[in-house]
Amino acid sequence: MKKTILLGAAAIMMAFSASAQMSLVKDLAKKATSGNVMEMATVLDQIEPAFTNPESANDVLTWYTAGKAAFGIYDEMYKMKIMQQPVDDKMMNQALSAGFEFFQKALPLDSVVELDKAGAPKLNKDGSKKVKTKYSKEIISALTAHMGDIANAGNVYLQASDWENAAHAFGNYADIASSPFAIANGVAAADSTLSQVRFFQGYSQYQIKDYADAYENFTKARKLGYTDNNIVDFQTSSLANMVQGMLDNNEYDKAYNFIDNALSADPNNGTLHDIKGFTVELKDGVDAALPFYRKATEVDPTYANGFFDVGRCLYLQAQKIIDENPNATNSQLIPKIKPIYDDAIPFLKKASELNPDDTKAKNVLDDILYKFEVMGVK
């Protein structure tokens, strides 16, 4: 009996807590449109516990109220700035970004079941409940009306090297500017604009080593036609860093699958083939990796590292023969290693030509030529 009473009391407390949170949200909703910056800032401060309460967190009013207050702060401060009154630019942009976040969380929650006169749910022909939206029109209007503002905020953050906020701002712009409702309302951004914004979103994420999201957004930018700012290098570098993390955790299958998916979308990317070779080499050795390095040079004859890796692997194959035959004479070794060295030399020379500042290929090539000299090979 005691346990039952305690459980019942706990349930009542939880219900009271949820009820209290929703009551608080309703009270704050009245203040969210006050037009007073400090009062609306108080709304954002006081509503925060409702974000994690199970009931209030799933109620559209919570996020609508927070978004309304955040956009209200931005709009009032923007008016002050236009009138050349002093404003806190950081607070202004933070409120704008928060408004986008809150309203985007509110949208999917904005569905109200229609009731008949008796209070029962109205039904569609298929038996499902009829639903209507209450705030969506206003939310969509606010989001689309502030698209230019959030893009400008992203540029401000970018110039200040505030990478995390820049990424969020650019992401908010791109998500809204490509959304179905932006298209329906004729305010969707052109692919050329979206591609540039996605690049800078990815670039900002790259700076904070968020390589997974950076790779995703560089990929989106390229699909939209973006080719500037060495985007291919940034994209493949992001992928390489992601793969390195997988390899550090011995997740070879995961790395293989990830690289193969990338190659299916970009089969002529020499760097990707080279990364695949590196991954294979770590697990299965030089012989297994060599075909992937060769492929890198075939699809991209300007990729110096691919040529070096082919030459390096061939050099290692020859060195293995030397190491495994310590008592062999030069006349016995030459027929076995000379064809391999002959294969390696053009790749090493090409790597040096493509990247003369990197001495790795030259050092390997010099060692091969030295061995030829010692062995009397002409």
Side-chain angles (χ1 to χ4, degrees), residues 163-164 166-168 170-171 174-175 178 191-313 347 350-351 354-355 358 360:
W163 308 117
E164 186 170 355
H168 283 141
F170 287 131
D175 289 344
S178 60
D191 284 354
S192 57
T193 299
L194 282 174
S195 68
Q196 187 176 43
V197 171
R198 287 298 189 194
F199 169 79
F200 284 113
Q201 182 185 5
Y203 178 79
S204 299
Q205 291 161 334
Y206 185 89
Q207 301 304 316
I208 54 177
K209 299 183 179 180
D210 180 4
Y211 297 120
D213 286 335
Y215 178 78
E216 179 182 349
N217 284 302
F218 287 139
T219 301
K220 288 178 179 178
R222 288 190 66 195
K223 286 181 178 178
L224 290 166
Y226 195 81
T227 58
D228 297 336
N229 292 311
N230 299 315
I231 185 172
V232 174
D233 292 339
F234 277 115
Q235 183 190 29
T236 50
S237 177
S238 298
L239 182 140
N241 278 286
M242 291 172 65
V243 169
Q244 185 62 61
M246 296 172 195
L247 297 179
D248 290 342
N249 293 321
N250 294 318
E251 298 173 322
Y252 289 98
D253 290 342
K254 184 177 179 181
Y256 289 151
N257 290 334
F258 192 80
I259 299 168
D260 287 342
N261 286 336
L263 278 168
S264 66
D266 195 6
N268 294 320
N269 188 319
T271 308
L272 292 181
H273 288 285
D274 196 65
I275 293 171
K276 179 67 178 286
F278 173 73
T279 305
V280 171
E281 183 178 353
L282 284 179
K283 187 172 186 292
D284 299 318
V286 166
D287 294 348
L290 189 54
F292 298 101
Y293 291 138
R294 288 189 187 274
K295 185 66 175 180
T297 67
E298 292 169 11
V299 300
D300 186 358
T302 67
Y303 183 53
N305 208 55
F307 284 92
F308 170 71
D309 281 330
V310 174
R312 175 182 61 81
C313 284
F347 286 96
K350 184 67 174 180
L354 291 170
N355 191 2
D358 190 341
K360 292 182 298 184

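Being a predicted model, the structure only gives us computed values, none of them experimental. We're numbering straight along the sequence, starting at 1.
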Output yes when Lys220 and Glu216 qualify as a salt bridge under the 4.0 Å nitrogen-oxygen rule, no when they do not. yes

Nearest 0.5 Å please: distance from the NZ atom of Lys350 over to the OG1 atom of Thr302. 8.5 Å

Tyr303 vs Phe308, side chain to side chain contact (heavy atoms under 4.5 Å, CB included): CA-CA, chis, key distance, verdict: CA-CA 9 Å; Tyr303 183 53; Phe308 170 71; over 6 Å; no

Is there a donor-acceptor pair closer than 3.5 Å between any side-chain N or O of Asn269 and the backbone N or O of Leu272? yes

When rounded to the nearest 0.5 Å, the distance separating NZ of Lys276 from OG1 of Thr271 is 15.0 Å

If the threshold is 4.0 Å, N to carboxylate O, is there a salt bridge linking Lys223 and Asp266? no

If you take all heavy atoms of Thr297 and Phe347, which pair is closest and at what distance? OG1-CE2, 4.0 Å

Would you say the side chains of Gln205 and Tyr211 form a donor-acceptor pair under 3.5 Å? no

If you take all heavy atoms of Asp274 and Gly306, which pair is closest and at what distance? OD1-CA, 3.7 Å

For residues Ala221 and Ser195, report the shortest heavy-atom separation together with the two atoms involved. CB-O, 3.3 Å

How many angstroms lie between OH in Tyr226 and CZ in Phe199, if you round to the nearest 0.5 Å? 5.0 Å

Going by heavy atoms in the side chains, are Gln196 and Phe200 under 4.5 Å from each other? yes

Ignoring hydrogens and geometry beyond distance, is a side-chain donor-acceptor pair present between Gln235 and Thr219 at under 3.5 Å? yes

With sequence neighbours excluded, what pairs up with Asp287 under the side chain to side chain donor-acceptor pair (under 3.5 Å) test? Gln317

What's the separation between atom CZ in Arg294 and atom SG in Cys313, rounded to the nearest 0.5 Å? 9.5 Å

Here the gap from Ser264 atom OG to Ile259 atom CD1, rounded to the nearest 0.5 Å, amounts to 12.0 Å

Nearest 0.5 Å, please: how far is CG in Leu290 from CD in Glu281? 9.5 Å

Using every non-hydrogen atom in the two residues, find where Phe307 and Leu354 come nearest and quote the distance to one decimal. CD1-CD1, 3.8 Å

Which atom pairs, one a donor and one an acceptor, fall under 3.5 Å between side chains of residues 241-257 and the rest of the protein, sequence neighbours left out?
{"from": "Asn241", "atom 1": "ND2", "to": "Ser237", "atom 2": "O", "distance (Å)": "2.8"}
{"from": "Gln244", "atom 1": "NE2", "to": "Asp248", "atom 2": "OD1", "distance (Å)": "2.9"}
{"from": "Asn249", "atom 1": "ND2", "to": "Gly245", "atom 2": "O", "distance (Å)": "3.2"}
{"from": "Asn257", "atom 1": "ND2", "to": "Asp253", "atom 2": "O", "distance (Å)": "3.3"}

Using modelled atom types only, decide if a donor and an acceptor are shared between the side chain of Asn229 and the backbone of Ile231 within a distance under 3.5 Å. no

Which residue pairs pass the ring-ring contact (aromatic ring centres under 6.0 Å, His included) test with at least one member in residues 259-287, sequence neighbours excluded? none

Please work out whether the ring planes of Tyr215 and Phe258 are parallel, tilted or perpendicular, with thresholds of 30° and 60°. tilted

Write down the atom of Gln201, the atom of Ala167, and the distance for their closest heavy-atom approach. CG-O, 3.6 Å

Using a 3.5 Å distance criterion without hydrogens, assess whether the side chain of Asn217 forms a donor-acceptor pair with backbone atoms of Asp213. yes

Which pair of heavy atoms, one from Gly277 and one from Ala289, lies closest together, and at what distance? O-CB, 3.2 Å

Is there a ring-ring contact (aromatic ring centres under 6.0 Å, His included) between Tyr203 and Trp163? Walk through the geometry before answering. CA-CA 8 Å; Tyr203 178 79; Trp163 308 117; 5.7 Å; yes

Mind running salt bridge (charged side-chain N to carboxylate O under 4.0 Å, His left out) on Asp309 and Lys360 for me, showing each step along the way? CA-CA 10 Å; Asp309 281 330; Lys360 292 182 298 184; over 6 Å; no

